[in-house]
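Okay, structure first, notes after.
No experiment lies behind these values; they were computed from the predicted model shown. Remember, it's 1-based here, ligands and their atoms both numbered in the order they're listed. For reference, positions follow the sequence shown, starting with 1.
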Amino acid sequence: MSLIKLCEEYILDIVKKLGYDIDNAMFEVSSRKDLGDFQINICMSLAKKYGLNPRELADRIIQEFDNRFTNVNIAGPGFINVSLSDKFLLDYINNALIDFNCLIDKEEPKSIVVDYGGANAAKALHVGHMRTANIGEALKRLAKALGHKTIGDVHLGDLGRQSGMVISEIKKRKPELVYFDSNYSGAYPKLEITPEELAIYYPEASKDAKENPERMEEVRKITAFVDEGKEPYFSMWKDIVEVSKNEIKKTYDLLNCNFDLWEGELSSLAYIDDTLKVLEPYMYESNGAKVIDVKKDDDKIEIPPLIVVKNDGASIYATRDLATIYARVKNYNPDEIWYVVDVRQSLYFEQIFRASYKSGLVRENVKLAHYSNGTLNGKDGKPYKTRDGGVLELNSLIDMVKDEIRKKMVKYEDNEESRKIIDILTIATIKYADLLPYRTTDYIFDVEKFSSFEGKTGPYILYSLVRIKSILNKLDYNEYSIKDIYSDEEKNIYLKVVELSKVLKKSYNDKVTSYICEYLFELCSLFSKFYSEHNVIGEQDINKKSSYIGLLKLVYGVCESLLDILAIDVPDKM
Ligand code: ARG
């Protein structure tokens, strides 16, 4: 259990012993360090509840404190300020050195499906799809670290216009293939298509179809065939999706985004009939389409009815999301389903969630939540574009950052080891930059700034860790423990480590990774300050040396586990 939680339970016991009752003791990190390191803010509300004088109550509470706290004082109307005694702090920190788990408070385990990534098959991953992948992966790992059971699903966009585009391009380039021969009656072979072909087919077709209405009409027809599961296009498309999936996976692997499930719109088709049966009593016809009303009396904005089935009877994005919910409930019985998807789909998800609860597709106690993210913009503050105005492919962004990192590492020779370091730094640069801003805000992707070795950047954090690693390698030791706190720099680090449980809890509650990124930066900066003021390697006093080693191990361990949550690797050297 974390030190903060230990203290909260301790205070609750005291309050109970005095004959009162509260739910939460709120042992808060103080913003007024001059008054104490922590603050207990329960006296005002408790006094109100029981008709007492808050300062007198605070006084009675502090009479009960044992020597874990020092510098106990009451401020203002009844705030209790305390600092931690060195012994109490040291015991806890040494415990943490043995078992890092005591720094984190596990939650009551829930089973959570995380829908993130959301790449579209047959199209290259573009930068717009990066944030949902990075944030989703981190939130999933955070949930796991706090004790939840998670299932990550990429929810591939593997149905839609792109099927018609790609198949029509194949038809144009290879009309001799049997799929396009209406007299052919044999079994259709598996479609052979290379990733290189795939990469150009969609953009080519899309460009042509925009200028040529006949081509667009053909695309529409083929798409409808695929959507309805008609052969041979349906099987062709599935073969295309497989090739595309492999390519998409390579990029996600680079970003350390690992999905448990590679399902998507295609895999939801098997559940559409069952889903529509559940929805049927709640749907009505409107202009030939089947819709479901989802507005509520207290809506501040207008929430239009959700179209579930189009007027031609075909399923659409929404039908497939509803069917996916049906499948997830049936197959995994989750307590929560999270959608880490761009903010532009907020209204859509609100409609989907309402339709799901209303129709009983999910029980009320299953939490459906959209954790939306803002966009990644170029220097002009608009969504990142290539020079010719197209959307920037994610691989191009990765290359851009890699070039910048390479430039910064001039002293490196071009060999296997350096290339690996550059790869790790590249991904760390991108991911830290992507996870640092508040989830819902847009941010400008500044390649130079983000790849800098100073400031709030991935390379800075990694540099700090590599430095600790190399110091530890230089020190000769078998055993270590923290014997005492010899300076303020050390104390500040230990107090920061104590804060970890709060940071993780807040990140989890708000589903915001920024707090973790900020914390990492603060901890690394505190370490840097400590290191510049103390001669760690040359220290002769064996107790001090042992304590310093403990401190280094602690800082390293905490940072490493947080980077693991953010899905950022640490290189062996830099
Ligand atoms: N493929 C979609 C897109 O590119 C994102 C999918 C999000 N997840 C979902 N269950 N709808 O916009």
Side-chain angles (χ1 to χ4, degrees), residues 112-137 139-140 150-163 165-166 202 206 223 226-227 237 240-241 244-245 247-249 251-252 257 259-272 275 306-308 315-332 334 336-356 361-362 366-376 383-384 390-394 439 511:
I112 304 164
V113 172
V114 188
D115 181 317
Y116 68 108
N120 294 321
K123 292 193 202 173
L125 267 172
H126 58 83
V127 287
H129 275 111
M130 178 170 84
R131 242 182 140 192
T132 138
N134 284 335
I135 296 176
E137 181 72 28
L139 294 181
K140 184 189 76 178
T150 59
I151 302 174
D153 182 9
V154 68
H155 198 81
L156 218 56
D158 47 13
L159 277 175
R161 186 65 57 82
Q162 68 270 40
S163 66
M165 293 283 184
V166 175
Y202 177 81
S206 161
T223 307
V226 173
D227 285 355
W237 176 241
I240 296 166
V241 169
S244 170
K245 236 188 230 184
E247 291 307 295
I248 291 171
K249 186 167 183 301
T251 311
Y252 280 142
C257 294
F259 299 93
D260 304 292
L261 300 176
W262 276 82
E263 309 217 320
E265 298 186 47
L266 255 175
S267 39
S268 77
L269 291 182
Y271 301 94
I272 287 198
T275 306
L306 176 71
I307 302 175
V308 180
S315 72
I316 46 174
Y317 186 51
T319 332
R320 298 164 202 150
D321 257 321
L322 292 166
T324 302
I325 291 179
Y326 177 92
R328 285 172 180 163
V329 169
K330 189 172 164 170
N331 299 332
Y332 308 109
E336 304 190 359
I337 306 178
W338 301 352
Y339 293 84
V340 184
V341 184
D342 191 285
V343 67
R344 282 167 286 197
Q345 296 191 34
S346 293
L347 174 65
Y348 166 75
F349 279 114
E350 185 59 35
Q351 291 175 297
I352 291 285
F353 296 168
R354 289 186 183 191
S356 303
L361 207 57
V362 289
V366 175
K367 180 170 169 186
L368 300 174
H370 177 205
Y371 299 120
S372 63
N373 59 270
T375 20
L376 177 161
Y384 221 118
V391 282
L392 184 69
E393 288 189 12
L394 184 46
R439 173 167 51 76
K511 307 291 181 285

Exercise for review: Answer yes or no: does an N/O atom from Gly118 fall short of 3.5 Å to an N/O atom of ligand 1?
Suggested key: yes

Review point. Quick one: are Thr375 and Tyr384 in side-chain contact, heavy atoms under 4.5 Å?
Key: no

Review point. Side-chain donor-acceptor pair under 3.5 Å between Tyr202 and Asn120, yes or no?
Key: no

**Study point:** Protein contact to atom 8 (N) of ligand 1 [nearest heavy atom, distance to 0.1 Å]
**Key:** Asp115 OD1, 3.1 Å

Review point. Side chain, backbone, both or neither: which part of Asp342 has a heavy atom under 4.0 Å from ligand 1?
Key: neither

Check your understanding: Angle class for the Phe353/Phe349 ring planes (parallel below 30°, perpendicular above 60°, tilted otherwise)?
Key -> tilted

Review point. Is there a side-chain contact between Trp262 and Ile248, using heavy atoms and a 4.5 Å cut-off?
Key: yes

Review point. Side-chain donor-acceptor pair under 3.5 Å between Tyr317 and Glu265, yes or no?
Key: no

Review point. Looking only at heavy atoms of Phe349, does any of them come nearer than 4.0 Å to an atom of ligand 1?
Key: yes

Check your understanding: When you measure from atom 6 (C) of ligand 1 to every protein heavy atom, which one gives the shortest distance, and what is it?
Key -> Tyr317 OH, 3.4 Å

Check your understanding: Heavy-atom contact under 4.0 Å between His129 and ligand 1?
Key -> yes

**Study point:** Residues Asp321 and Tyr348: side-chain donor-acceptor under 3.5 angstrom
**Key:** yes

Point to revise | Residue part near ligand 1, for Asp321, under 4.0 Å between non-hydrogen atoms | key: side chain

Check your understanding: Does Tyr116 approach ligand 1 within less than 4.0 angstrom via side chain, backbone, both or neither, non-hydrogen atoms only?
Key -> neither

Review point. Are Asp342 and Thr132 side-chain neighbours, meaning at least one heavy-atom pair lies under 4.5 Å?
Key: no

Check your understanding: To which protein heavy atom is atom 12 (O) of ligand 1 closest, and what is the distance rounded to 0.1 Å?
Key -> Gln345 NE2, 2.8 Å

